[in-house]
Amino acid sequence: MEDGEVDEIRARLEAFIGKPMGPPAVAPDPVNTPMIRHWVDALDDRNPVYLDEEFAATSRFGGIVAPPAMLQAWTMPRPVIEGIAERGGAPGEIDFDNPIPILDEAGYVGILATNSELEFVRYLRPGDHLQLSTLVESISNLKTTSLGKGYFLTWVTTYTTGGGEVVGRQLFRIFKFDPTTIGAAS
Amino acid sequence: MTSGQPDSPRSTEIAVGDELPRFELPVTSTVIVAGAIASRDFMPAHHDAEFAKAQGAPDMFMNILTTNGYVARFITDWAGPEAMVRSIAIRLGAPAIPGQPLRFTGQVTRTSVEGDECVIEVAVRAANDLGDHATGSVVVSLPLG
């Protein structure tokens, strides 16, 4: 890759920093016991505060709470199953401006999640209705790793309830890379 | 292990250097798919081995929500139902694939008192034979006592 090309891509990516990564989203459903039960069964997590109302009432939580790691699950976009493989796994059509197509078109088609940092301001209860907004926090310069050359993209999601109370945050970082450059010297 | 009631440490008994009881998760296709669907993640890499291989992975692999869920479970199985997980920060590495058990280990790295709470930081690792799947730290708080 020529230095001129590197500058051009990174310069185009600059415009996304600090900008929203997609529109604000509202969870399809409020926090609810059936979904908590589904998760608890799938992960065999028998913590009684998630499903045992009598136990939870006498605990510090005062009632049923959702497993904290479900924070992201409530707002996962509803999938359109038809064509999901053809869309590369995206739950639906992505029609908002974002850095991924620029990187895909330039050959950085590989994608690898590298970091997740979840912060739970409070535990969620049945009835909490989540919203989220996501910003692009940073984009690295071109880096070389064992997978090849690419860019680290970091975005930060803020989770709120309808009343505007911040209930959680997530930092998420991915490496978008050119798989043909694997083994390239730095 | 039952969600830790009689075996859970009281906050006053927790010290830097304490090792959490080790946990080995037998990872199967069912474990991976159950977690993906329960977290509402329909990305085919988490239920379709051929799709995952076409993307360069060795097999279908666990999604991050499920990884975070098991990390949280690992912590609360030890700390007990009064524990409140405050944060989970992980670096992701080797994929968690069927047939590769995930071994969870943890060590207390920091304790502090904040108001009525004992705040505990635990370094965690989930590894299989491919390497470290997830490493990082969890902050959890317990009522003092």
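Just so we're clear, the structure is a prediction, and the values are computed from it rather than from any experiment. Numbered from 1 within each chain, the chains take letters A, B, ... in sequence-line order.
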For chain B, the option from [options] that forms the most heavy-atom pairs under 4.5 Å:
options                                   : result
Asn115(A), Val121(A), Leu118(A)           : Leu118(A)
Ser116(A), Ala69(A), Ser59(A), Gly110(A)  : Ser116(A)
Glu119(A), Arg87(A), Glu117(A), Arg173(A) : Glu117(A)
Arg122(A), Gln72(A), Met35(A), Arg60(A)   : Arg60(A)

Would you name the heavy atoms of [X] and [Y] that are closest together and state the gap between them?
X         : Y         : answer
Phe172(A) : Ile64(B)  : CE1-CD1, 3.5 Å
Arg40(B)  : Trp74(A)  : NH1-O, 3.3 Å
Leu43(A)  : Thr66(B)  : CD2-O, 3.9 Å
Gly35(B)  : Ala42(A)  : N-CB, 4.1 Å
Leu92(B)  : Ala113(A) : CB-O, 3.6 Å

[atom1] of [X]: more than 12 outside heavy atoms within 6.0 angstrom?
X         : atom1 : result
Asp116(B) : CG    : no
Glu19(B)  : CD    : yes
Glu82(A)  : CD    : no

So which part of [X] gets closer than 4.5 Å to some heavy atom of chain A, the side chain, the backbone, both or neither?
X         : answer
Leu142(B) : backbone
Ile90(B)  : both
Ala83(B)  : backbone
Phe51(B)  : side chain

Side chain, backbone, both or neither: which part of [X] has an atom under 4.5 Å from a heavy atom of chain B?
X         : result
Pro68(A)  : side chain
Thr114(A) : backbone
Arg169(A) : neither
Pro28(A)  : side chain
Pro77(A)  : backbone
Leu171(A) : neither

Nearest 0.5 Å please: distance from the [atom1] atom of [X] over to the [atom2] atom of [Y].
X         : Y        : atom1 : atom2 : value
Leu25(B)  : Asp44(A) : CG    : CG    : 9.0 Å
Arg73(B)  : Trp39(A) : CZ    : CH2   : 12.0 Å
Gln170(A) : Ser87(B) : CD    : OG    : 12.5 Å

Heavy-atom pairs under 4.5 Å with chain A are the metric here; pick the option from [options] that has the most.
options                                : value
Gly69(B), Ser137(B), Ala45(B)          : Gly69(B)
His46(B), Arg86(B), Arg91(B)           : Arg86(B)
Asn68(B), Ile88(B), Asp41(B), Val33(B) : Ile88(B)

Walk me through it: do Val85(B) and Tyr123(A) pass the test side-chain contact (heavy atoms from CB on, under 4.5 Å)? CA-CA 9 Å; Val85(B) 179; Tyr123(A) 272 39; 3.6 Å; yes
Knowing that exactly one of Val65(A), Asn47(A), Asp52(A) qualifies, which makes a side chain to side chain contact (heavy atoms under 4.5 Å, CB included) with Pro81(B)?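 In the set Val65(A), Asn47(A), Asp52(A), the residue that makes a side chain to side chain contact (heavy atoms under 4.5 Å, CB included) with Pro81(B) is Asn47(A).
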Cluster link [X] to [Y], ILVMFWY, side chain under 4.5 Å:
X         : Y         : result
Phe61(B)  : Leu147(A) : no
Val124(B) : Phe23(B)  : yes
Ile17(A)  : Ile174(A) : yes
Ile111(A) : Met43(B)  : no
Val71(B)  : Val31(B)  : yes

I'd like to check the ring-ring contact (aromatic ring centres under 6.0 Å, His included) partners of Phe120(A); sequence neighbours left out, ordered by chain and number.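 With neighbours one apart ignored, the set is empty.
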